[in-house]
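Notes to accompany the following structure.
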Protein chains: 4
Amino acid sequence: MSSAPVCLDDFEKLARLSLPASVFGYYFSGADAESTLQRNKDAYDSLLIRPRILVDVEKVTTETTILGHKINSPVCVAPTAFHGMANDEAEKATARACASLKTCYTMATYSNTSMEDTYAAAKQKSRKQDPLHWFQLYVEQDREATKQLVQRCERAGYKALVITVDRPRLGRRLADLRHAFKLPKHLSLANFIADETRSGAGAYAGGAIDASLNWKDIEWFKSITKLPIVIKGIFRGEDAKLAVKHGVDGIIVSNHGGRQLDGCPATLEVLPEIVDAVKGSKVEVYVDGGIRKGTDVFKALALGARAVFLGRPIVYGLAYQGEEGVRSVLSLINYEFRLAMALAGCTSTDKITPDYIIPAEEISLAR
Amino acid sequence: MSSAPVCLDDFEKLARLSLPASVFGYYFSGADAESTLQRNKDAYDSLLIRPRILVDVEKVTTETTILGHKINSPVCVAPTAFHGMANDEAEKATARACASLKTCYTMATYSNTSMEDTYAAAKQKSRKQDPLHWFQLYVEQDREATKQLVQRCERAGYKALVITVDRPRLGRRLADLRHAFKLPKHLSLANFIADETRSGAGAYAGGAIDASLNWKDIEWFKSITKLPIVIKGIFRGEDAKLAVKHGVDGIIVSNHGGRQLDGCPATLEVLPEIVDAVKGSKVEVYVDGGIRKGTDVFKALALGARAVFLGRPIVYGLAYQGEEGVRSVLSLINYEFRLAMALAGCTSTDKITPDYIIPAEEISLAR
Amino acid sequence: MSSAPVCLDDFEKLARLSLPASVFGYYFSGADAESTLQRNKDAYDSLLIRPRILVDVEKVTTETTILGHKINSPVCVAPTAFHGMANDEAEKATARACASLKTCYTMATYSNTSMEDTYAAAKQKSRKQDPLHWFQLYVEQDREATKQLVQRCERAGYKALVITVDRPRLGRRLADLRHAFKLPKHLSLANFIADETRSGAGAYAGGAIDASLNWKDIEWFKSITKLPIVIKGIFRGEDAKLAVKHGVDGIIVSNHGGRQLDGCPATLEVLPEIVDAVKGSKVEVYVDGGIRKGTDVFKALALGARAVFLGRPIVYGLAYQGEEGVRSVLSLINYEFRLAMALAGCTSTDKITPDYIIPAEEISLAR
Amino acid sequence: MSSAPVCLDDFEKLARLSLPASVFGYYFSGADAESTLQRNKDAYDSLLIRPRILVDVEKVTTETTILGHKINSPVCVAPTAFHGMANDEAEKATARACASLKTCYTMATYSNTSMEDTYAAAKQKSRKQDPLHWFQLYVEQDREATKQLVQRCERAGYKALVITVDRPRLGRRLADLRHAFKLPKHLSLANFIADETRSGAGAYAGGAIDASLNWKDIEWFKSITKLPIVIKGIFRGEDAKLAVKHGVDGIIVSNHGGRQLDGCPATLEVLPEIVDAVKGSKVEVYVDGGIRKGTDVFKALALGARAVFLGRPIVYGLAYQGEEGVRSVLSLINYEFRLAMALAGCTSTDKITPDYIIPAEEISLAR
Ligand SMILES: Cc1cc2nc3c(=O)[nH]c(=O)nc-3n(C[C@H](O)[C@H](O)[C@H](O)COP(=O)(O)O)c2cc1C
Ligand SMILES: Cc1cc2nc3c(=O)[nH]c(=O)nc-3n(C[C@H](O)[C@H](O)[C@H](O)COP(=O)(O)O)c2cc1C
Ligand SMILES: Cc1cc2nc3c(=O)[nH]c(=O)nc-3n(C[C@H](O)[C@H](O)[C@H](O)COP(=O)(O)O)c2cc1C
Ligand SMILES: Cc1cc2nc3c(=O)[nH]c(=O)nc-3n(C[C@H](O)[C@H](O)[C@H](O)COP(=O)(O)O)c2cc1C
C-alpha cells in the first residue's frame, strides 16, 4: 500500500507526523472547543449534489475570474501566517506553486518572507505573466505604519487589499496555550523587518492590532489606495449590505477557520445570506473554511461563491514537500473539482447553480 | 458459536478475511470519503415499517415480473465487474446461481467470462428455461465496437440493454489509488477477447468510455436494436421524464453504489421523485445501492420500485463459496423478504404500498 | 464500590455475566439488526418531562387498576418464554414476586412450569388474595388444542387472555441462529405436558403457531370464553379501531421487544396513535418495550398508557436472584416511578397528563 | 506541554485526578442516566453566535447588577453543598474568591462553614465593601427551625433568600449509591451546629426537607422576612407566572445541575419560555446548569438571562487550588466572556440581544 497522499486529508496526517507538535498545533487548531472548526467541514457533508446525466462532458473547464483577473481554477490560497515553520522557502514556495498553477495567492501580514521577495519569487516562476497576489492586512493602532504597508503593497504589484475584520482580539486556541506557542526565534515578521521590535515572536501577541477598527476606517482605506478592497470575515447579511454601501469590491465569508469565535455557524451555512445581501451589486463573494474536496468547491460555487480559499491544506502541503507539496494539494483538489463537474453534468463554472444541490435535511428520511 | 453467515453483512466480513486487500478494496470501496456509500445503507434504516396484524399470511408469494419476464423474487443481480477475482468460475458461477433461483442476472461489460459462455453456463443450469440475462453497457468512443457488442447481446439471448450513464469519468476510489489496483494479469475483459489490446487491465483506466454520451445516443441505440433499454444511473425527476420522452423501458435508480460522485443523496431518497416523474408511463423503476436486508427490499417496493438489484453482496457470496455462495446470499435475503412480508401483513408484492412505511422523521420524538 | 444493582440496566449486566451466552443471547436479542430493540429504548430518551414545582407531594400513590383489578403500581410483567433457563423455580418465582408486590403477572404459553402450578405458587405467596394472572396465548393450527388451553386458563383463575398477534412467523434473532439455540433438554413446555411430542425444544420452531390467524378468530375466541381479551402486538390506529369493533377489552402496544419485525417504530412512538384510535371506547391501552426507568413509566402514562409491561428486566432479575431478584427489579422501578411523580409534581397516576411531557424535537435547538 | 488548566473542562479533569472517587462522584454526578446533565451542556453547543464586525470594541465591560447590586461580571456562584470535601477552608475559600472578584456568592444550606464565619471571611477579603452573599434555603418540616435560619441570614448580611424548590425528594445519583456516599465524619453541617443530631452525615438523607412545600409557604416567607426572594428550580412558564403573582424577586432557571429529575429539558431550552412569562414584571431571571465557557454566558444573556450561576466548575477549582483555584475558574470564564463579547461586536451586557444568536436547527443543512 502506497503512502502517497490521495486526498487532502492525507496531507494533514502527513503534516501531523512530520511537524513539531507545537507547530502542527498552531496550524491545525481552532478556538476553544473547536466546534466551529469541525462545523465548517461538516456543513459541506450536509449539502448533497444532484447530478444530471447524459450531458456531454467531454470538455470541462474550471477557469474563472476574480476581480477581473483570470485564474485557472476557483480554488485560491487564503492568507495564513508563518509559512517559515513549515518550509525554509516559506511564503516564496507557496507563491511559486500558485503562480505555476495560475491561481490567486493571498499573502498574510504575518509572513516570514517579505511581500517584495515573495512577489519576485512568484514572478520568476511564472515567466511571462504577473502572478496574481493579494495582500491580507491586519490594521494596526499606528495608522501611519498601516498606510506605509498599503503603499508598499501597491508598489509591489499586489492586486487587492484583504482587510481581516474578525480579529479585534486574538482567539483562544488551546493548543497554543498548552504549548506556550511562540514564533521560532530564527523567523521574523518579514513585512516589518525595518522595525527591530517587531522581529521574532514579539508581535504575535497581537497587541498591535486595532480593536477599534470600524466602517469609518474602511472609508479611510478607500481614500489612501486605489487597490480593490476585500473584507475578510463578514458573517451576516446586514454587514454585507454595509460593505456594499461602503464601496468594497469583495467579501470573503470566513470565520478565520474557526480560530476566532468558537460557536458561530459554518461559513457555508451563512454563505447564502451573504450572497443574497449583495445581490444587484458588483461585489464578489468568496468563501473559506473547511474546504477539503472537489465536491466542496462545487457546493460553494452552487451556493453563489465566485471562488474559494484554502487555509490549512496549503500549509500541510508546504510542510510535506515545499513548493511541490503546495502544488500537489492544489492540483489534487482541482482534479477532484473538475471530476465532480463532469459527474454532475456541468461543463463550466457558471453552470454550477443551486439547482444542483440540496440540503440533506430536505431529502433525508432520518432522525 | 457457528461462523456460518446469518445475514448479508456476514458475507462482507467473510470476504474481507479471505480476499487480498486490494481485491476486497476494489469490491468494497466507494468514491472519496465514501459518504454516499454509507448513506445508501443508512437511508433504509431511516424508513420504518408499520405492520398490519391479524391478516392471514399463511400463503406469501414474492413472485413478480420485470419487463414482462417472471422472476421468483424482486431481488436481482446488478452488474459488477471482474468476478474472476472472487472465484475461478467468475461470472458463470454468478449466472448459474441466478438461473437456479429464477432471478435476473445483469452481466457487466467488464466481465471475466464472455457473455456467450456465461449465458450457456446459466442455460445448462436451468435446464428447461431460458435464463433471464440483461447486459450492462459502457458506451465507447468507438461506436462501431459498441454496435457490435449490442448485436452480440441480442444473438446471445440477453433480454435487455442496461446503459450505464453515471460514469463519463471514473470516480476516485481511494482504496484503489492506495493499492494501485489493477486487474490481475491472468484475467481478461472477456467480452473483448477478439481485441488483444483490451485484455488484462488495459481498458480499466476507462479512457475508452465516451464522456460525450448524451440523449441523442439513446435515440441511436433505439435505432440499432430491438432490445428494451434500461438507463442505469438516473437520479433526478427531470432526467426520468427525459427518459420517458426518449422511449426507454426501464430506469435503475443508482449512484453506482457510491463509487462515482461522492456526496449525492441515497438512492432510496430519490426513488420517490423518480417514481413520481414516470407516473402514467410504462417505464419500470428499479433501485440499487445499499440493499442488505429483506426489510430493505420491502421498503424499496413500498416506495414504488418494481425490483431491486444487489451489487456487493453478490461478489461477497461469490468470494465465499462460488455459485453456492451467491445462492446463499440470494436465498437468505429472499427468505428475509418473505418473512418481512408476513410480519407486515402483505401476501404478495403488489400489496406492498406506501401505506406500510413511514420516514423516521415523521414519527420520531428525538433530536 | 458496591456491585449491587442500582438501576435496571445493572441487572442486564449481571445477567450477561452469569448466564450461558446462548441463554443470555436468547433473552437479550432482537430481530436482525436489532434497530427496533434499540429504538424502543431511545424513544423514551427523546421524550422530556416538564416538572411543576411547589406542589405538595408529601403523599404520592402509584396505585391503579387494569381491567378492573387493583394493582399497586402500573408496572406489570410481560409474557416471556422459558423462565426455567434463568432459575430453577422458573415461572413460579416470577409469579410469587408479582403476587407479593400486588402487580399483574402475564404467563407465556411457552412456560416451563404449568399455569396451574404457577398460579398455586403465587396464591400461596399472597395469602389472603387471589393473585392477578393473565395468560398469553399463541394460537395453534389445532384449534381444539387452543380451546382446551383457554378453558384451563379460566379454570385456573387467570383473569384475561392476551392473544399475541405479531408472531405469525418466528423473527430472525441472529444470536439464536449463531448459537443454534434450543430449549435445554431438562426443560419442557409445561403447559403442554400431556402431549409428549411437545416437550423439550420441539415446539419452539413454532411451526404449530397459526399464520392464518385473523379477526374472525377473535370473534371465535369471544364465543368460547368469558375472559376479557387483550390483543398484544397492535401497532397502528386502523388495527386498534378494528380491535374496538371486535369487542376486545385491552390492547398491548408492542413490537415483541424488537424480536419480530426489525425496523418498525418504537412502541412509544405509536402509542399516541393507538390511544387516539380507541378514544371513546372502554378499551384500555398498555405498552411494552424498552421500559427501564421510573421516568419511562411516567412518560408512557403521560402519553395515555394505563399500565406498562416489562419483559427482559424481569428475566434478568430472575437470573440474578430468583424470586427475590424479580422483586428487586420491580421494587426499584416502582421506587423510581414514585420519585419521578414527586419530582414532576404529580401525586397520583391520573394526574400524569400529556401536559407534563414534550418531545425533544419541539424544544431542542440542535441539529 | 504545560498541564495548567486553559479551559473550565480542564478543572474537571484535574479534580477527577486529585479527589477520592466517592467525593468526585458526589460533585460530578447527575441523577439516573445523567441525560439532563449532558443535555444542559449540549444545549449551549446547539445555539450559535452570529457576530457583527467592524464594531469598535476597544472598550468592553462585563459589569451588571442583580437585584440592584453591582457585580463585575454576570457570572455568579451557585449554591453547592459540602465545600469541605474539596478544601479545608471550605466555603470560606469560595466566598473569598467571589469577594475579590466582586461577584455574587450563594451559600448552600448544607455548608461546612457557617454563614456567619463565611461572611466574615469574605468581608475581610474585600476590605472596603460588603461582599454580595445570597443564601440558598432548603425548607424543613420544622418551620420554626427554618424561620430561625432566615433570621440569621438577615442578621449575617445576606442579601437574598434563594429557595430551592426542585428537591422535595432526593434525586437518585447512581455514583453516590454505588459508593454509599456519606459526608466524611470530620465535617459538619455548619449552619446547624447548635443542634447535635444534625452534625455529620446525619441530615444528608434529607428526610428533614419538606415535601409538602407549596406556594402558600412562599407567602409565609414573605411575611417573615424583608429579604428579596429568589425561587431556584422553576422550569415552566406557568410556574414563572405564579412566581410573579406571589411577588418573588428573582427566578433561577435550574434543574439542579441534572441531579434531581433526569430527563427534563436543558435549562437553556426552557429559558426563553420563562423570560417570556415574566415579561412586564420586575422579576429577574437567571440560569444555571452546564455553563462552561465564555460563549455559554453570552448565549444565556442573549436569551434573556440577567446573570448565570456556576455549580460544579467552582468546586473543581476549589479542589484544585482552594481560593486561588476558584478565582482561576471565575477569571478564566470572565476573560472568555469578555473576549466573546469583543469578537461578537458587543461592548456591554445590555447589547447582547437575541439578534446575536441562532439555533443550529434554523441554519443547519444536515440530518
Ligand atoms: C495557521 C493559520 C494561520 C492563519 N493566519 C491568518 C492570518 O494571518 N490572517 C488572516 O486573515 N487569516 C488567517 N488565517 C485564516 C485563513 O485565512 C482562513 O480564513 C482559514 O484558514 C480557512 O479555513 P481552512 O483552514 O479550514 O481552509 C489563518 C489560518 C490558519 C489555519
Ligand atoms: C465491485 C463493483 C463493480 C461494479 N461494476 C459496475 C460496472 O461495471 N458497471 C455498472 O454499471 N455498475 C457497476 N457497479 C455498480 C453496481 O451495478 C451497483 O450499482 C451497485 O453495486 C449497487 O450498490 P450495492 O453494491 O450497495 O448493492 C459496480 C459495483 C461494484 C461494487
Ligand atoms: C426472552 C423473551 C421471550 C419472550 N417471549 C414471549 C412470548 O412467549 N410471548 C409473547 O407474546 N411475547 C414474548 N416476548 C415479548 C414480551 O412479551 C414483550 O413484548 C417484550 O419483551 C417487551 O420488551 P422489553 O423486553 O424491552 O421490556 C418475549 C420477550 C423476550 C425478551
Ligand atoms: C455538588 C453539588 C451540590 C449541590 N448542592 C446544592 C444545594 O445544596 N442546594 C441547591 O439548591 N443546589 C445545589 N446544587 C445545584 C447547583 O446549585 C446548581 O443548580 C447546579 O450545580 C448548576 O449546574 P452546573 O453544576 O452544571 O453548573 C448542587 C450541585 C452540585 C454539583
Side-chain angles (χ1 to χ4, degrees), chain B residues 1-10 13 41-60 268 292-300 302 332-333 335-347 355-367, chain C residues 21-22 31-33 35-36 39 42-48 165-172 174-175 177-180 210-218 231 233-236 238-239 242-243 246 255 260-266 268-270 273 358-367:
Chain B
M1 180 135 63
S2 136
S3 69
V6 298
C7 62
L8 263 59
D9 282 344
D10 283 354
K13 284 181 199 127
K41 288 185 251 186
D42 291 348
Y44 283 96
D45 295 334
S46 316
L47 199 62
L48 305 175
I49 302 182
R50 303 170 65 229
R52 298 296 304 253
I53 45 97
L54 289 171
V55 174
D56 176 348
V57 291
E58 184 63 45
K59 294 205 184 75
V60 167
L268 190 76
R292 301 293 181 266
K293 292 179 304 234
T295 47
D296 296 346
V297 183
F298 187 94
K299 291 168 186 178
L332 177 49
I333 194 167
Y335 179 88
E336 290 176 345
F337 173 50
R338 183 190 306 268
L339 178 61
M341 290 177 69
L343 296 180
C346 294
T347 51
D355 176 56
Y356 285 87
I357 49 171
I358 188 165
E361 59 153 354
E362 280 182 35
I363 202 162
S364 169
L365 314 162
R367 188 167 298 158
Chain C
S22 69
D32 298 309
S35 65
T36 295
R39 194 167 183 95
D42 291 347
Y44 283 95
D45 296 332
S46 317
L47 199 63
L48 305 176
V165 297
D166 58 9
R167 225 220 78 163
R169 304 267 176 229
L170 184 64
R172 282 180 71 83
L174 304 191
L177 294 167
R178 294 193 206 284
H179 291 117
D210 190 353
S212 81
L213 190 75
N214 61 66
W215 287 107
K216 290 222 179 90
D217 297 299
I218 302 303
I231 305 280
I234 284 195
F235 216 67
R236 297 176 55 150
E238 299 95 314
D239 286 332
L242 286 178
H246 285 84
N255 52 32
Q260 287 294 106
L261 181 63
D262 192 44
C264 24
L268 190 77
E269 291 172 333
V270 297
E273 171 179 342
I358 188 166
E361 59 154 352
E362 281 182 35
I363 202 163
S364 170
L365 314 161
R367 189 166 296 160

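Everything numeric in this text was worked out from a predicted model, so none of it was measured. So you know, we letter chains A, B, ... as the sequences are listed, proteins then strands, and number each from 1.
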For this session: Measure the shortest side-chain to side-chain distance between B/K299 and B/I49 over non-hydrogen atoms and say whether it is less than 4.5 angstrom.
Result: yes

Exercise. Given that the side chain runs from C-beta out, which part of C/E362 has a heavy atom under 4.5 Å from chain B: side chain, backbone, both or neither?
Worked result: neither

For this session: Show your working on side chain to side chain contact (heavy atoms under 4.5 Å, CB included) between B/S364 and C/R39 and close with a plain yes or no.
Result: CA-CA 10 Å; B/S364 169; C/R39 194 167 183 95; 3.8 Å; yes

Exercise. Using non-hydrogen atoms only, which part of B/I53 is less than 4.5 Å away from chain C: side chain, backbone, both, or neither?
Worked result: both

Problem set entry | Proximity breakdown for C/L242 and chain B, heavy-atom pairs closer than 4.5 Å | side chain

For this session: Please confirm whether the backbone N or O of B/V6 pairs with a side-chain atom of C/R172, one donor and one acceptor, at under 3.5 Å?
Result: yes

For this session: Kindly assign one of parallel, tilted or perpendicular to the pair C/W215 and C/H246, based on the angle between their ring planes and the thresholds 30° and 60°.
Result: parallel

For this session: Below 4.5 Å from any heavy atom of chain C, which atoms of B/I357 appear? Answer side chain, backbone, both or neither.
Result: neither

Seminar exercise, completed: Heavy-atom closest pair (C/F235 atom, C/C264 atom, distance to 0.1 Å) is CE2-CB, 3.6 Å

Exercise. Where on B/D355 is there a heavy atom nearer than 4.5 Å to chain C: the side chain, the backbone, both, or neither?
Worked result: both

For this session: Flag the pair C/D239 / B/R52 as yes when at least one side-chain heavy-atom distance between them is below 4.5 Å, and no otherwise.
Result: yes

For this session: Select one option (side chain, backbone, both, neither) describing which atoms of B/S3 are under 4.5 Å from chain C's heavy atoms.
Result: neither

For this session: I would like to know whether B/K293 and B/D45 meet salt bridge (charged side-chain N to carboxylate O under 4.0 Å, His left out); could you show each step before the answer?
Result: CA-CA 10 Å; B/K293 292 179 304 234; B/D45 295 334; 3.0 Å; yes

For this session: For chain C, find which of B/D10, B/D9, B/V60, B/T295 contributes the most heavy-atom pairs closer than 4.5 angstrom.
Result: B/D10

Exercise. Checking heavy atoms, do the side chain of C/N255, its backbone, both or neither come under 4.5 Å from chain B?
Worked result: neither

Seminar exercise, completed: So, the part of B/V55 with a heavy atom under 4.5 Å from chain C: the answer is backbone

For this session: Could you check which of C/A360, C/P359, C/S212 has the highest count of heavy-atom pairs closer than 4.5 Å to chain B?
Result: C/S212

For this session: Report yes if some heavy atom in the side chain of C/D166 is under 4.5 Å from a heavy atom in the side chain of B/L343; otherwise report no.
Result: no

Seminar exercise, completed: Counting heavy-atom pairs under 4.5 Å with chain B, the top scorer among C/S22, C/S46, C/A180 is C/S46

Exercise. Is it the backbone or the side chain of C/L48 that comes under 4.5 Å from a heavy atom of chain B, or both, or neither?
Worked result: neither

For this session: Measure distances from B/Y44 to the heavy atoms of chain C and classify the residue's part below 4.5 Å as side chain, backbone, both or neither.
Result: neither

Exercise. Taking side chain as C-beta onward, heavy atoms only, is B/P5 less than 4.5 Å from B/L332?
Worked result: no

